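Small disclaimer: the values here were computed from a predicted structure and weren't measured.
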Amino acid sequence: MKAAAFFEFGGPEVLRAAELPTPEAGEGQVRVRVRAAGVQPFDLAIREGWTPPGVSGELPRVPGNEFAGVVDQVGEGVGGISVGAEVLGFDLLNCYAEYVVVSAENVTPKPANMPWEVAGGFTAGTQTAHIALRQLGVKEGDTVLVHAAAGGVGTAAVQLARLWGAATVIGTAREENHDYLRALGATPVTYGEGLLERVRALAPGGVDLVVDGAGGEALDVSLELVKGDRIVTLVEHDRAAELGVQRTRGVREASRLAELAALYAKGDLVFPVRRTYPLERAADAHREVAGRHGQGKVVLVTD
């Protein structure tokens, strides 16, 4: 099968098209003919040399941990999933490929009105936002601050917070993304000097909780607004314990993904794609994700 793989750690240039053996579904697994796969900072870290817990250090390695496609093989013991089913799902690795084998518990049906490119990049951002907000316990009337609000996780966090009753959602972003945030239901605010004062002016009653997708100054400002246990940071993992800030504790699961897909199907959750690249241009996709923070997801398409 065709895949985007790397045979050594390094920059985007180490990612290249390769022919690899086509995997077979084992017991409890399904094989999916991938139509699209999302590109995440997580994948960039793996390419640069980070090995997630439970993953062997063997090379070559195929990045990619979210996908959408058509089931073409069902392993023994799998019920409720048939060949030909259109699904979206997740795994730690191996999704930048024509075929991926995953546990049957890692997939859920793709809504008919969800385009393939959206489905391919839907899993990670939406589930991360869901986990963070549930962990913080967002409730009716809250004021929520979302840093990097125009990114994939931020896009989902803004909308979910509003759906779950937040009275005000303030989103940090560059000026060029402010109209986008207003369309999602957030009040935008620009990064940089004076951020603390700008947020306080928008939230005179105070901020109740923070989803931090930016780190650095944004996290420092957040700690001036709320206690650390009312913040979930998605990026400052090394500083979290020292600052008393939370990290996400949940795991991705098909039931959560099905809930989010249903919101999309109803029109209650939008999730734009910024750009698509063919599998052969995975290196270019990595360069774009590394160099730009803004609206929409970057997705690889396999056909």
Side-chain angles (χ1 to χ4, degrees), residues 1-23 29 32 34 36-69 88-103 106-107 120-129 131-132 148 151-153 213-215 233-240 247-253 257 273-293 297-302:
M1 69 172 182
K2 181 172 65 177
F6 58 87
F7 293 74
E8 60 181 324
F9 298 115
E13 68 280 356
V14 302
L15 263 180
R16 57 186 175 88
E19 285 291 329
L20 298 176
T22 301
Q29 296 178 321
V32 177
V34 176
V39 180
Q40 302 175 49
F42 180 94
D43 304 331
L44 276 60
I46 287 173
R47 187 207 70 228
E48 291 168 349
W50 177 61
T51 299
V55 173
S56 77
E58 295 180 4
L59 297 175
R61 187 172 293 172
V62 176
N65 67 93
E66 59 181 345
F67 65 90
L88 57 158
F90 53 92
D91 208 352
L92 276 179
L93 295 168
N94 301 318
C95 300
Y96 293 5
E98 287 185 291
Y99 294 92
V100 65
V101 168
V102 299
S103 167
N106 286 21
V107 298
F122 188 79
T123 292
T126 59
Q127 290 214 61
T128 300
I131 290 167
V153 177
T233 184
L234 311 176
V235 291
E236 292 273 19
H237 297 156
D238 292 340
R239 295 176 67 203
R247 298 168 55 183
T248 52
R249 295 193 298 268
V251 296
R252 293 184 293 178
E253 52 190 30
L257 184 55
V273 171
R274 178 164 78 238
R275 188 173 300 176
T276 62
Y277 289 88
L279 200 60
E280 294 84 354
R281 293 184 60 196
D284 290 335
H286 273 221
R287 290 186 186 97
E288 178 160 352
V289 170
R292 177 176 173 177
H293 301 281
K297 190 70 180 266
V298 173
V299 175
L300 297 175
V301 293
T302 61

**OP:** Give the intermediate values and the outcome of side chain to side chain contact (heavy atoms under 4.5 Å, CB included) for residues L257 and R252.
**Re:** CA-CA 8 Å; L257 184 55; R252 293 184 293 178; over 6 Å; no
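Closest heavy-atom contact between D43 and G64: OD1-N, 3.5 Å. A pairwise comparison of heavy atoms in G250 and I131 identifies N-CG2, 3.6 Å as the closest pair. Of all heavy-atom pairs between V34 and C95, the closest is CG1-O, 4.0 Å. The heavy-atom pair separating P60 from L20 by the smallest distance is CG-CD2, 4.4 Å. In this structure, T123 and G89 approach most closely via the heavy-atom pair OG1-O, 3.4 Å. Nearest approach of I46 to P52, heavy atoms of both residues: CD1-CG, 3.8 Å.
Legend: residues meeting ring-ring contact (aromatic ring centres under 6.0 Å, His included) with Y96, ordered by chain and number and at least two apart, are H286. Applying the side chain to side chain contact (heavy atoms under 4.5 Å, CB included) rule to N106 yields the partners F90, D91, V102, S103; only residues at least two apart in sequence or on another chain are considered. Remark: E236 engages R239 in a side-chain hydrogen bond (donor to acceptor under 3.5 Å, both in side chains) (not counting sequence neighbours). V101 is linked by a side chain to side chain contact (heavy atoms under 4.5 Å, CB included) to P23, Q29, R31, counting only residues two or more places apart in sequence or in another chain. Judged as a side chain to side chain contact (heavy atoms under 4.5 Å, CB included), and not counting sequence neighbours, the contacts of A129 are V153, A156, A157, L160. In this structure T233 satisfies the side-chain hydrogen bond (donor to acceptor under 3.5 Å, both in side chains) test together with D212, sequence neighbours excluded. In this structure F42 satisfies the ring-ring contact (aromatic ring centres under 6.0 Å, His included) test together with W50, sequence neighbours excluded. Partners of E48 according to the side-chain hydrogen bond (donor to acceptor under 3.5 Å, both in side chains) rule, which considers only residues two or more places apart in sequence or in another chain, do not exist here. With sequence neighbours left out, Y277 forms a side-chain hydrogen bond (donor to acceptor under 3.5 Å, both in side chains) with R275, E288.
With rounding to the nearest 0.5 Å, the separation of CG in L300 from CZ in F67 is 14.0 Å. R281 CZ to T276 OG1: the interatomic distance, rounded to the nearest 0.5 Å, is 9.5 Å.
The stretch residues 59-69 participates, sequence neighbours left out, in these salt bridge (charged side-chain N to carboxylate O under 4.0 Å, His left out) pairs: E66-K297.
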Give the table of side-chain donor-acceptor pairs shorter than 3.5 Å for residues 1-17, with sequence neighbours excluded, one pair per line with atom names and distance.
residue	atom	partner	partner atom	Å
K2	NZ	E280	OE2	2.9

